[in-house]
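Taking it in order: structure first as structure tokens, then the write-up.
Naming convention: chains lettered A, B, ... in sequence-line order (proteins, then strands); numbering from 1 in each chain. These numbers come from the heavy atoms of this one structure, side chains and all, not from hydrogens, waters or symmetry mates.
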Amino acid sequence: ELTEKLNSIFKHLKGRGKLNKKNIEEALKAIRRALLEADVNYRVTKKFVNQVKERAVGQEVLKSITPGQMVVKIVHDELISLLGQETKDIKMASQPPTIIMMVGLQGSGKTTMAGKLARYFKSKGKLPFMIAGDVYRPAAIDQLQILGKSIDVPVFTISGSKNVVKICQKGIADARRQGRNIVFIDTAGRLHIDEKMMDEVSRVKKAVNPHEILFVADGMTGQDAVNTAREFNRHLEFDGVCLTKLDGDARGGAALSIAQVTKKPIKYIGVGERLDAIELFHPDRMASRILG
Amino acid sequence: IRRHVKIDDDMIDELEEILIQADFGVGTSLKIIENIKKRIKEEKIKESNQVPSLLKSEVTKILMSEEARFGLSDAKPHVIMMIGVNGTGKTTTIGKMALRFRKEGKKVLLGASDTFRAAAIEQLEVWADRAKVDVVRHASGSDPASVAFDSLKAAKSRGTDVVIIDTAGRLHTNINLMQELKKIRKVLKKIMPDAPHETLLSLDATTGQNALQQARIFKQHLDITGLVVTKLDGTAKGGIIVAIKEELNVPVKLIGVGEKIDDLRDFSAKEFAGALFE
Ligand SMILES: Nc1nc2c(ncn2[C@@H]2O[C@H](COP(=O)(O)OP(=O)(O)OP(=O)(O)O)[C@@H](O)[C@H]2O)c(=O)[nH]1
Ligand SMILES: Nc1nc2c(ncn2[C@@H]2O[C@H](COP(=O)(O)OP(=O)(O)OP(=O)(O)O)[C@@H](O)[C@H]2O)c(=O)[nH]1
Ligand SMILES: [Mg+2]
Ligand SMILES: [Mg+2]
């Protein structure tokens, strides 16, 4: 693991030495390798390692810790500052309902996350409502309806309609009529390079003006995370990110890639298939996970 | 690579960037680059425009496999079990395979052994309907192994050519769920000792290094005969399959290139290697 590797690199730098360019080169190589193996993007890693180098060179090695521990601390702090603040929950709109739109690639966990967030906000005293905006995937509407039923949250759908904009508009009007104050729009999984589908979700944004657009990404995503996040952000200017399936053993480097490339906050993480398996994002925990 | 005329450190760095960004992983990328450097020396290559073909041949070499043919055995029925992590495209791939086999004149039966996830059975039923094949299902929440058992029993009595068992997505880190898959296998073997004749692990092309760990653990528990790499119609390259082939010798048999029923292709090592530079 990284701390041990760095300790062995620095074992000849005794006592009150300083970190200099020479002894840090090997350490930077080890850090770079650790980040790439954790799925942090190649270019994001390059930039990050340079930032660490700038902070580390010339640093006094404190008596109480080893040079290796010192470098790990610099890396850890640098990661946390890039991963963003502790989550601020979704802010309620001044005029209800608060509208949240879930977007992302196929299979990333949007529908499940919509259910999780609806359940979470219901437990906080809100009146959630869900809109079945995926008119393509077989049984997607059934899936959302079953989740809704399991938490006693209404799900809006227009049977047979393929007009996603209309479904969302009618759904929000229905939510208002029923006095619901937070609405989750589930959308179909789509590729960032699919012009027609990216246009659809842009049109939904224009038509219903969501207060929050959440980009839902799979926590085990590799190098491609920068491409998808960048493109979704370019089309939609999303407000936050949800990272799913972090109950597995993926290191989750996609978190750093996405944070670095979009500068948007990671808000929630999925840690299981059940609707209660959702947590607020903690940058320090994510940093430790990425470093392995 | 085209920008450089001679082969130098910058060009080697550029190679490394291509491989790592294609999810090859650090270890595999370094190994391939060492092989390329060796060949450059041995074959006295001076022009950098020759390097892409070196890379393609090195990657193709690793990925070529005689067992990579996807087809049916003589078993009647031939049983295929589909496994993999959540959301990787198992159910959709089964729909695609079902149509392919039916078009080849085979009698196909699907087994809805994902009895856990919301609307999983309904989803498979839509695909069965689209492919015009039958599906065996129980109530949601019933025992996945009993659905698999009944599917194979029905297939035997109906003279079905191929049975495809859909299973719920699961993380390789969940021991209980890995045990559940083993139970499904055991139950199939009660009817046919050689079943399942094919166990396919689905991998999402966007998955990074964790795909290697997935393959390791699923293989350790279930003896996988092939991989299906899905969502290659996106921008992810799926390079991790090279490390998987090298370490575990599991070949990629099929790739998913879209969400429609005919978006299924046989894996071609040459095409995969060629796509690395796109
Ligand atoms: N283990 C685990 N599984 C998850 C998590 N979130 C979602 N899943 C599972 O991942 C699979 C895909 O989830 P969905 O919610 O259908 O994903 P989606 O983004 O709506 O998929 P599409 O609508 O097809 O794009 C399902 O099997 C979910 O149960 C998570 O945090 N952990
Ligand atoms: N673009 C693209 N999408 C795909 C491909 N294969 C599957 N999908 C999509 O990925 C999503 C998940 O597919 P499923 O078939 O439900 O995946 P699964 O592995 O059965 O999911 P679980 O049963 O929940 O684990 C759906 O939106 C599919 O349409 C592919 O090759 N390309
Ligand atoms: Mg969905
Ligand atoms: Mg499925």
Evaluate A:Met220 against B:Val85 for side-chain contact (heavy atoms from CB on, under 4.5 Å), listing each step before the verdict. CA-CA 10 Å; A:Met220 345 167 213; B:Val85 163; 3.1 Å; yes
Rounded to the nearest 0.5 Å, how far apart are CD of B:Gln214 and CG of A:Asp249? 8.0 Å
Give, for atom CG of B:Leu171 and atom NZ of A:Lys245, the distance between the pair rounded to the nearest 0.5 Å. 8.5 Å
Would you call A:Gln223 and B:Lys237 a side-chain contact if the rule is heavy atoms closer than 4.5 Å? no
Around atom CZ of B:Arg102, are there more than 12 heavy atoms from other residues, nucleotides or ligands closer than 6.0 Å? yes
Heavy-atom pairs under 4.5 Å with chain A are the metric here; pick the option from B:Val126, B:Asp233, B:Asp23 that has the most. B:Asp23
On a heavy-atom basis, the closest approach of A:Ala139 and B:Ala119 is O-CB, 3.7 Å
Is the number of heavy atoms from other residues, nucleotides or ligands under 6.0 Å of A:Lys122 NZ greater than 12? yes
By a 4.5 Å heavy-atom criterion (distance strictly below it), what part of A:Asp247 contacts chain B: side chain, backbone, both, or neither? both
In terms of heavy-atom pairs under 4.5 Å with chain A, which of B:Asp204, B:Thr230, B:Thr173, B:Thr88 leads? B:Thr173
Residue A:Glu195 excluded, over 12 heavy atoms near CD under 6.0 Å: no
A:Arg137 and B:Gln123, any side-chain heavy atoms less than 4.5 Å apart: yes
Under 4.5 Å from any heavy atom of chain B, what part of A:Arg274 do you find: side chain, backbone, both or neither? side chain
Do you know which of A:Glu37, A:Arg251, A:Gln106 has the most heavy-atom pairs under 4.5 Å to chain B? A:Gln106
Does CZ in B:Arg265 sit with more than 12 non-hydrogen atoms of other residues, nucleotides or ligands closer than 6.0 Å? no
Let me confirm one number: the CD-CZ distance from B:Glu17 to A:Arg43, rounded to the nearest 0.5 Å. 4.0 Å
Could you look at B:Gln213 and say if it's the side chain, the backbone, both or neither that has a heavy atom under 4.5 Å from chain A? side chain
Max heavy-atom pairs within cutoff under 4.5 Å with chain B, candidates A:Ala254, A:Gly222, A:Gly107, goes to A:Gly222
CE (A:Met197) and CD (B:Glu259) are apart, to the nearest 0.5 Å, by 7.0 Å
If you round to the nearest 0.5 Å, how far is CD1 of B:Ile20 from CG of A:Asp39? 11.5 Å
Mark yes when over 12 heavy atoms from residues, nucleotides or ligands other than B:Lys182 sit less than 6.0 Å from its NZ; otherwise mark no. yes
Structural part of A:Asp142 lying under 4.5 Å from a heavy atom of chain B: both
Selection from A:Thr244, A:Val226, A:Leu191 maximising heavy-atom pairs under 4.5 Å formed with chain B: A:Leu191
Check ion pair B:Arg170-A:Glu273 (N to O, under 4.0 angstrom): no
Any side-chain heavy atom of B:Leu30 sitting closer than 4.5 Å to one from A:Arg33? yes
Is the shortest heavy-atom distance from the side chain of A:Glu231 to the side chain of B:Thr235 under 4.5 Å? no
With rounding to the nearest 0.5 angstrom, report the CD1 to CD distance, A:Ile146 to B:Glu122. 5.0 Å
